[in-house]
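Below is one structure; the comments refer to it alone.
Quantities reported herein were computed from a predicted structural model and do not represent experimental measurements. Reminder, nothing fancy here: chain letters follow the sequence lines and each chain counts from 1.
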Number of protein chains: 2
Amino acid sequence: MVANTSETAEGAKSPAAEAWRMIFDLGTVHRAHVLAAAAEHDLSPPQLFLLRRLEPGVPTPMSELAAFFGCDASNITGLVDRLEARGVLERRVPAHDRRVKHIVLTEAGERLRAQALAQLHVPPAALTRLSPSDQRTLRDILRRALGA
Amino acid sequence: MVANTSETAEGAKSPAAEAWRMIFDLGTVHRAHVLAAAAEHDLSPPQLFLLRRLEPGVPTPMSELAAFFGCDASNITGLVDRLEARGVLERRVPAHDRRVKHIVLTEAGERLRAQALAQLHVPPAALTRLSPSDQRTLRDILRRALGA
DNA sequence: TATTGTTATACTCTATAACTATA
DNA sequence: TATAGTTATAGAGTATAACAATA
């Protein structure tokens, strides 16, 4: 054993931990990919992720968005402000509780979302160069991981 | 075929594209995990990622960091300023080209990095609840994907 | 001239705290 | 009283453009 720090000591780690670290690597290596997908549609990364979270036709309370992203509610207010000013989404007040605001995509928002996600979800070369068999196995294991 | 947008049309996608989308889901679902690992060490997420990129004992030009993260060089200046003020890293000017600045972790920086990464790299339940066989297969496929 | 990094500027993101409206 | 969301504020992240030092 050389002077490895704990996070680089390959031998001592569980397969799940190694896999997780490599998933991190995949994410950081392709950060530029995400930035490009956002910039090409004049979105910041947080705005793109918010759009990704908003399913077409599913009004979503702002509190649910804050919980999903693990951020403060005031942060969602700012993101929604800017996207609403752009006509991508709108606030709606449900009749049963007028404190709540539901966020819904506009038609323009649905189109923007579809275009941005189509680009965002293009898989990186690291995955497409895997054998078809590996690709299917990877997909199947991830489905089990996410409980789909 | 219902009114699915392209990114939700399950049947038409390659296994690699589906896998990539699920890797994205893993990342966003565990965003809170990353935020906690950063906050617990008084780091912002970008600072944590920069620390993660800086291997102990490997002086790294700032331009290389900017290229790695796909961001502007001025952004690295700010990140390095704050981490240097905190004593986590330092700038060094190599003799062969005095325009360049090499970033190196201090001893305190190496300790901070090891602790933060140990927490960051703890795998989420989605992965640890996979069978040992699935975990190993996932690890092996990702190794092939990253060319390790 | 070209390259590396910094500075000035402007805007976005983010959390905290205090606030309003509603329940 | 408690909850959902907003506003005010401050600090950090980010890109662009202009700049200084060096090659």
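- A side-chain donor-acceptor contact under 3.5 Å links Gln135(A) to the backbone of Thr128(A).
- Arg113(B) places a side-chain N or O within 3.5 Å of a backbone atom of Arg52(B) that can act as its donor or acceptor partner.
- Looking at heavy-atom distances under 4.0 Å, Ile76(B) makes no contact with the nucleic acid at all.
- Atom NE2 in His102(A) sits about 14 Å away from atom C1' in dT3(D), given to the nearest Å.
- Each of Pro45(A) and Ala95(A) was matched to the nucleotide of DNA chain C holding its nearest heavy atom; the match closer to the 5' end belongs to Pro45(A).
- For the pair Ile103(B)/Leu50(B), no side-chain contact is recorded, criterion being any heavy-atom separation below 4.5 Å from C-beta on.
- Between Thr77(B) and dG5(C) there is no side-chain polar atom (N or O) within less than 4.0 angstrom of OP1 or OP2.
- Ring pair His33(A)/Trp20(B) is perpendicular by interplanar angle, where above 60° counts as perpendicular and below 30° as parallel.
- For the pair Arg31(A) and Phe69(B), the cation-pi test (distance below 6.0 Å, angle within 45°) is failed.
- Between Leu65(B) atom CG and dT14(D) atom P the separation is 13 Å, expressed in whole Å.
- Counting any heavy atom pair closer than 4.0 Å across all strands shown, Asp97(B) reaches sugar-phosphate atoms only and no base atom.
- Closest contact between the side chain of Ser44(A) and the listed nucleotides dA15(D), dT12(C), dA23(D) involves dT12(C).
- Donor-acceptor pairing under 3.5 Å, judged by distance alone, is absent between the side chain of Arg98(A) and the base of dT22(C).
- When the C1' atom of dT3(D) is taken as reference, atom NE2 of His96(A) falls 14 Å away, rounded to whole Å.
- Ser63(A) comes within 4.0 angstrom of the backbone, heavy atoms only, and of no base.
- Heavy atoms of Arg86(A) sit nowhere under 4.0 angstrom from any nucleic acid atom.
- When the nucleotides dT6(C), dT14(C), dT6(D) are ranked by their closest atom to the side chain of Ser74(A), dT6(D) comes out on top.
- At least one side-chain nitrogen or oxygen of Arg82(B) sits closer than 4.0 Å to the OP1 or OP2 atom of dG13(D).
- What separates CG of Asp72(A) from P of dA12(D) is a distance of 17 Å, to the nearest Å.
- Atom pair Asp42(A):CG and dC11(C):C1' shows a separation of 13 Å (rounding to whole Å applied).
- We find that CZ of Arg99(A) is positioned 13 Å from P of dA2(D), with the value rounded to whole Å.
- Protein atom CG of Leu51(B) is 12 Å distant from nucleotide atom P of dG13(D), rounded to whole Å.
- Atoms CG (Asn75(A)) and C1' (dG11(D)) sit 14 Å apart, rounded to a whole Å.
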